[in-house]
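Beneath this line is the structure, given in structure tokens, with notes to follow.
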Amino acid sequence: MIRVSGIRVSLDADFSDLKALAAGKLKIPQDRIKSVRLSKKSVDARKKTDVHFIISLDIEAKGEEKLLKTLKNAVSVKNEPYIVNAVPSNCERPVIVGFGPAGMFAALVLAMSGADPIVLERGGDVDSRCKAVEEFRKNGILDTECNIQFGEGGAGTFSDGKLNTGISDRRIGWILEKFAEFGAPDEIRYLAKPHIGTDKLRTAVKNLRERVKSLGGEVRFNSKFCGYTAENGHITQVVYTDGNGSHTIDTHNVILATGHSARDVFEMLYEKKIELSQKNFAVGVRIEHLRTDIDKAMYGDFAGHHALKAADYKLAVHLPDGRTLYTFCMCPGGEVVAASSEQGRLAVNGMSCFARDAENSNSALLVGVNTEDYGSSHPLAGMYFQRDIEEKAFIAGGSDYSAPVNTVGALLDGRTADCFGKVRPSYTPNTKFADINEYLPDFVCRSIRLGLPEMGKKIKGFDSPDAVITGVESRSSSPVRINRGEDLQSLSLGGLFPCGEGAGYAGGIVSAAADGMKCAEKVIENLRSL
């Protein structure tokens with residue numbers, strides 16, 4: 001099979017007959033082509049007067065060696081299957097703590113190996129979780145154990161379901177294939193910036209769970225990991241609580257995939273002298289524009305074309321003081337959602353459904369926070385830094401989970417707005433006008449004020465006075481790393497595998513899933529060596 005990349009295609013191209021498309025673009029007879037598959041598709045909107053697609057095609061054809069010599073941007077490709085080794089029957093069952101992307105894919109791999117993993121998830125399943133999230137968004141009643149951060153699927157379940165990643169890993173293709181198999185849109189297999197959408201991601205998550213169970217795994221919801229016992233420097237048992245009290249599970253292999261918001265777990269590990277370290281992260285706000293304005297700014301006269309989805313963007317500006325303001329987790333046609341998980345602390349995130357057809361588009365507007373900014377060498381100083389910001393944001397919003405908001409025009413004028421323009425905030429349950437100085441550090445506020453006009457030079461209207469700022473975006477990544485060695489086990493405790501975004505080893509759904517698979521592979525090695 002050969003892969004031909006960099007093929008320019010009109011927005012009006014017919015993708016229903018890929019053989020004909022490939023033959024026409026590559027100028028080869030159609031009867032030479034045995035099969036063709038779209039392997040990548042992206043929008044090239046660098047010139048607003050000439051927006052088009054760039055695609056890559058995987059082709060099986062007669063005389064491939066000759067085609068490799070004559071076609072530009074063609075390489076030979078071979079699909080390597082992902083193989084899961086079997087473990088001995090009746091081996092001790094491994095435990096996975098957390099059922100976000102890392103925990104889900106760790107559970108899937110272990111279940112495929114015959115290890116019959118047990119998953120402990122402190123939150124509820126997707127359906128009960130949706131009810132808890134809706135109750136919070138509608139009435140401001142927070143369930144601290146089942147919310148946007150905790151529950152089946154992890155924080156990604158209530159996001160955009162973005163699957164693009166900056167890592168290079170042989171597991172990525174398999175992860176995308178599995179998501180599609182479990183109900184995600186088939187297009188995630190080839191889009192350059194694939195996304196599932198929170199509505200379809202919920203179905204995929206449930207189907208993945210059912211596959212794990214069908215293979216002998218077990219998922220225990222509303223089961224909170226609260227401790228462990230160890231002998232001779234190796235874990236021997238985990239402790240968890242549920243509605244029926246406290247329980248223990250004997251095991252020598254535990255994958256800890258709790259996510260970046262399980263702050264009580266970080267505190268417990270610190271008390272047990274597990275080696276932790278500080279980690280850089282970022283804080284800021286969410287910025288919202290009208291989706292149609294962003295589409296126009298990114299696509300020009302092509303905005304609204306039937307072949308184009310809501311436009312996304314990615315921006316970064318480097319400021320004179322050495323700081324950087326950048327956008328993150330952009331949600332085209334989405335909404336800003338309440339993402340708190342602790343009483344008296346407020347956090348927001350972005351979410352969008354597969355259609356991406358909501359009135360506004362939003363993204364995080366973040367400033368990097370270095371460990372030097374924490375003002376302490378304590379391993380959990382970054383977590384305390386987050387908490388302080390979230391507490392101030394809660395107060396700035398009125399102490400009832402209303403989010404503090406302002407308009408970009410008022411922010412750049414150094415004042416607090418008293419009314420909205422053409423952009424209305426999407427956050428619920430409510431909002432309250434407030435200055436970002438009430439809850440964000442001075443260096444973050446200064447960076448936002450300096451950087452917004454610079455971003456407006458890159459995307460017309462980005463610094464529009466009517467754009468809405470909503471605080472506070474504080475959970476972009478974990479500020480803590482649970483240190484592990486080359487064998488992926490904790491440096492302090494054998495058999496404990498810190499995993500995924502919460503442990504400081506991933507930065508999104510796909511990278512977290514890949515890290516979960518890596519840890520599962522190590523556990524399989526352990527079980528096979530017994």
Side-chain angles (χ1 to χ4, degrees), residues 97-103 120-124 129 132-133 136 142-151 154-158 222-228 238-241 254-283 338-349 369 371 373-395 401 439 471-484 490 492-493 496 498-507 512:
V97 181
F99 203 53
L120 303 177
E121 170 53 57
R122 69 191 296 169
R129 192 178 177 199
V133 169
F136 183 38
L142 175 65
D143 183 337
T144 57
E145 296 300 330
C146 188
N147 45 60
I148 276 187
Q149 306 296 345
F150 302 143
T157 302
F158 292 89
N222 305 304
S223 299
K224 184 176 180 179
F225 170 68
C226 56
Y228 62 86
V238 297
V239 183
Y240 74 96
T241 58
V254 178
I255 294 177
L256 189 64
T258 55
H260 58 40
S261 294
R263 292 166 172 169
D264 51 352
V265 174
F266 293 145
E267 291 176 321
M268 181 265 288
L269 295 176
Y270 175 75
E271 291 172 2
K272 285 181 171 287
K273 303 188 184 309
I274 296 296
E275 184 175 317
L276 310 172
S277 60
Q278 296 181 347
K279 177 177 161 291
N280 295 344
F281 74 114
V283 297
S340 299
S341 60
E342 296 176 325
Q343 295 288 351
R345 300 185 177 111
L346 186 140
V348 303
N349 196 10
V369 180
T371 56
D373 296 316
Y374 299 158
S376 169
S377 60
H378 193 289
L380 301 182
M383 186 186 81
Y384 300 138
F385 185 94
Q386 281 181 323
R387 277 181 165 169
D388 179 64
I389 290 171
E390 291 174 9
E391 288 168 6
K392 291 176 179 176
F394 180 73
I395 294 170
Y401 295 106
Y439 54 90
V472 61
E473 173 87 19
S474 53
R475 310 281 183 98
S476 59
S477 64
S478 177
V480 180
R481 176 169 284 118
I482 307 172
N483 297 333
R484 70 188 189 188
S490 164
S492 308
L493 184 63
L496 181 68
C499 180
E501 189 165 344
Y505 297 99

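- Inter-residue side-chain proximity for Arg481 and Leu276 is flagged as unmet; no heavy-atom pair is nearer than 4.5 Å.
- Considering OH of Tyr505 and CG of Asn483, their distance stands at 5.0 Å, rounded to 0.5 Å.
- For the pair Gly124 and Cys146, the tightest heavy-atom approach, listed with the atom from each and the gap, is N-SG, 3.5 Å.
- In this structure, Val348 and Glu473 approach most closely via the heavy-atom pair O-OE1, 3.1 Å.
- The minimum heavy-atom distance linking Lys279 with Ser478 is given by the pair NZ-O, 2.7 Å.
- The ring of His260 has its center no closer than 6.0 angstrom to the ring center of Phe281.
- Residues Leu269 and Leu256 form a side-chain contact, since some pair of their non-hydrogen atoms from C-beta on lies under 4.5 Å apart.
- Around OH of Tyr270, the count of heavy atoms belonging to other residues, nucleotides or ligands within 6.0 Å does not exceed 12.
- Atom CG of Asn147 is separated from atom CZ of Arg122 by 8.5 Å, given to the nearest 0.5 angstrom.
- Contact of the Ser340 side chain with the Phe136 side chain is registered, since non-hydrogen atoms from C-beta on lie closer than 4.5 Å.
- Between Val480 and Pro379 the shortest heavy-atom distance is CG2-O, 4.1 Å.
- Using bins of under 30°, 30° to 60° and over 60° for the plane-to-plane angle, the ring pair Phe385/Tyr374 lands in the tilted bin.
- The distance from atom NE2 of His378 to atom CD of Gln278, rounded to the nearest 0.5 Å, is 9.5 Å.
- Smallest separation of non-hydrogen atoms from Leu346 and Gly471: CD2-O, 3.3 Å.
- The CZ atom of Arg387 sits 4.5 Å away from atom CD of Glu342, with the distance rounded to the nearest 0.5 Å.
- A donor-acceptor contact under 3.5 angstrom links the side chains of Ser341 and Arg475, judged on distance only.
- Contact check for Tyr228 versus Val254: no side-chain heavy atoms found under the 4.5 Å cut-off.
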Problem set entry | Worked verdict on Leu493 versus Lys272 for side chain to side chain contact (heavy atoms under 4.5 Å, CB included) | CA-CA 10 Å; Leu493 184 63; Lys272 285 181 171 287; over 6 Å; no
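- Side-chain contact between Phe266 and Ile482 is present, with at least one heavy-atom pair separated by less than 4.5 Å.
- Contact of the Tyr401 side chain with the Gln343 side chain is registered, since non-hydrogen atoms from C-beta on lie closer than 4.5 Å.
- In this structure, Phe150 and Thr144 approach most closely via the heavy-atom pair CD1-O, 3.4 Å.
- Inter-residue side-chain proximity for Val238 and Phe225 is flagged as met; some heavy-atom pair is nearer than 4.5 Å.
- Arg129 places none of its side-chain heavy atoms less than 4.5 Å from the side chain of Glu121.
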